[in-house]
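Numbering of residues begins at 1 and proceeds along the displayed sequence. Because the structure is a prediction, the values reported are computed rather than measured.
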Amino acid sequence: MDALHWSVDHRGHHSVLNYEQRLRHYVSQWQTLIDDTDGFKGERLTFSVLPNYWNGYSSHASKERHFGTVTIARRRAGIQCEVKVEYHSQDAWEITTCHYTAAEGIEGCFSGNAYCGHPKGAFAWAWSGSVQGGHIALEGPRGMRLAREDTPYGVYSNWCLMHRLPQGVFCLLDGLEQVAPQCEMLPLDTWEMEGTRLMGYVLAGRGMPMSFWWADERRRPMIVSHTLQTFVLTKREGLL
């Protein structure tokens, strides 16, 4: 059995959830993935989310399965793509939805909204913005200005990266909310997991905590480990 790479090995942070068992279960589904969606009008990716830390605290999220799911649907519209992201977090009682247009990086308008339905205090949050010729504008509710910035680099959201990793320096619009002006995917290691050869990268840049991205030979991410959560690709579908 292939050992877990240290960058995704969070077994010591769990007292209840069998993290490794769940991770290997999701990786075993890679054998059923569509390898190529070039013949379709778009692509939908589904990632299961595992918590990096779990001590059995009270929660309605199942301790026997995942922490949440992310689906990213990318449909071609001329030279650009229309992208819709849905992030369901079971433990945080949260649903986040984002829309944006992109070719490789983001260009044009984008929007997002989040809803937290916790019984002790539900709340909602919405934001919007645009990327026009390297100029980034972010706005919150009632026109509140959040950020204005110019960049000479291509602008990518973290959801863009889930489809394919860019090369060289880029500007990251994390969650379509936070600007990290200079980021880069630095080589980390190679690793074979359940018969799949993966190339590892570290996302490093000013204003961003490091995260670890394991991708196939086409730079398509399969496992992504952030500070608190690990995303594992479980489904790739072609859109008609």
When you compare the side chain of [Y] with that of [X], does any pair of heavy atoms fall below 4.5 Å?
X	Y	answer
Val232	Val27	yes
His163	Arg74	yes
Leu173	Gln178	no
Arg197	Thr190	yes
Arg219	Met199	no
Arg236	Met222	yes
Val131	Thr151	no
Leu233	Tyr26	no

Would you say the ring centroid of Phe231 lies under 6.0 angstrom from that of His226?
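Yes; His226 has its ring centre under 6.0 Å from that of Phe231.
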What do you reckon, are the aromatic ring centroids of Phe170 and Tyr156 less than 6.0 Å apart?
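Yes: the rings meet the under 6.0 Å criterion.
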Is there a side chain to side chain contact (heavy atoms under 4.5 Å, CB included) between Leu138 and Glu149? Walk through the geometry before answering.
CA-CA 9 Å; Leu138 285 171; Glu149 186 151 349; over 6 Å; no
If you look at every heavy atom in [X] and [Y], which pair is closest and at what distance?
X	Y	value
Pro181	Arg206	CG-NH2, 3.0 Å
Ser157	Leu172	C-CD1, 3.7 Å
Trp213	Pro221	CE3-CG, 4.0 Å
Ser225	Ser7	OG-O, 3.4 Å

Same cluster for [X] and [Y] if Ile/Leu/Val/Met/Phe/Trp/Tyr side chains link at under 4.5 Å?
X	Y	value
Tyr153	Leu165	no
Tyr201	Met208	yes
Val169	Met210	no
Trp214	Leu33	yes
Ile223	Val202	yes

Please confirm whether Arg22 makes a cation-pi placement over Tyr19, using NZ or CZ under 6.0 Å from the six-membered ring centre and within 45° of the ring normal.
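No.
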If you measure from [atom1] on [X] to [atom2] on [Y], what distance do you get to the nearest 0.5 Å?
X	Y	atom1	atom2	answer
Leu198	Asp189	CG	CG	10.5 Å
Asp9	Leu23	CG	CG	9.5 Å
Ser128	Glu177	OG	CD	11.0 Å
Glu43	Leu239	CD	CG	8.0 Å

side-chain hydrogen bond (donor to acceptor under 3.5 Å, both in side chains) against His135, all qualifying residues, sequence neighbours excluded
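With neighbours one apart ignored, the set is Asp150.
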Contacts of type side-chain hydrogen bond (donor to acceptor under 3.5 Å, both in side chains), residue Glu217, not counting sequence neighbours
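Listed in chain order: nothing, the list is empty.
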Under a single-linkage rule joining Ile, Leu, Val, Met, Phe, Trp and Tyr whose side-chain heavy atoms are separated by less than 4.5 Å, which residues share a cluster with Leu186?
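For Leu186, no cluster forms, as it stays isolated from other hydrophobic side chains.
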Measure from the side-chain N and O atoms of [X] to the backbone N and O of [Y], and report whether any donor-acceptor pair falls under 3.5 Å.
X	Y	result
Asn158	Gly175	yes
Trp191	Ala3	yes
Arg164	Arg220	no
Asn52	Thr227	yes

Quick one: do His99 and Glu82 satisfy side-chain hydrogen bond (donor to acceptor under 3.5 Å, both in side chains)? Show the steps, please.
CA-CA 7 Å; His99 297 84; Glu82 297 176 353; over 6 Å; no
Would you please test Trp30 and Glu194 for side chain to side chain contact (heavy atoms under 4.5 Å, CB included) and show each step?
CA-CA 9 Å; Trp30 290 352; Glu194 303 293 337; 5.8 Å; no
Could you walk me through whether Thr71 and Thr46 satisfy the side-chain hydrogen bond (donor to acceptor under 3.5 Å, both in side chains) test, starting with their C-alpha distance in whole Å, then the side-chain angles of each, then the deciding distance to 0.1 Å, before giving a yes or no?
CA-CA 4 Å; Thr71 59; Thr46 301; 5.8 Å; no
Electrostatic pair Glu86-Lys84, nearest N-O below 4.0 angstrom
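Looking at Lys84 together with Glu86, the answer is yes, because their closest N to O distance falls below 4.0 Å.
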Counting only heavy atoms from other residues, nucleotides and ligands, does the tally under 6.0 Å from CD of Gln132 exceed 12?
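Result for CD/Gln132: enclosed.
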Taking atom CZ as the centre, does Arg44 end up with more than 12 heavy-atom neighbours from other residues, nucleotides or ligands that are less than 6.0 angstrom away?
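Incorrect, the count does not exceed 12.
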Full working for side chain to side chain contact (heavy atoms under 4.5 Å, CB included) between Trp127 and Leu176:
CA-CA 9 Å; Trp127 65 97; Leu176 296 176; 3.7 Å; yes
Working for side chain to side chain contact (heavy atoms under 4.5 Å, CB included), residues Phe47 and Thr234
CA-CA 5 Å; Phe47 288 83; Thr234 52; 5.8 Å; no
Verdict with supporting geometry, Phe212 and Trp6, ring-ring contact (aromatic ring centres under 6.0 Å, His included)
CA-CA 10 Å; Phe212 303 98; Trp6 61 263; 5.3 Å; yes
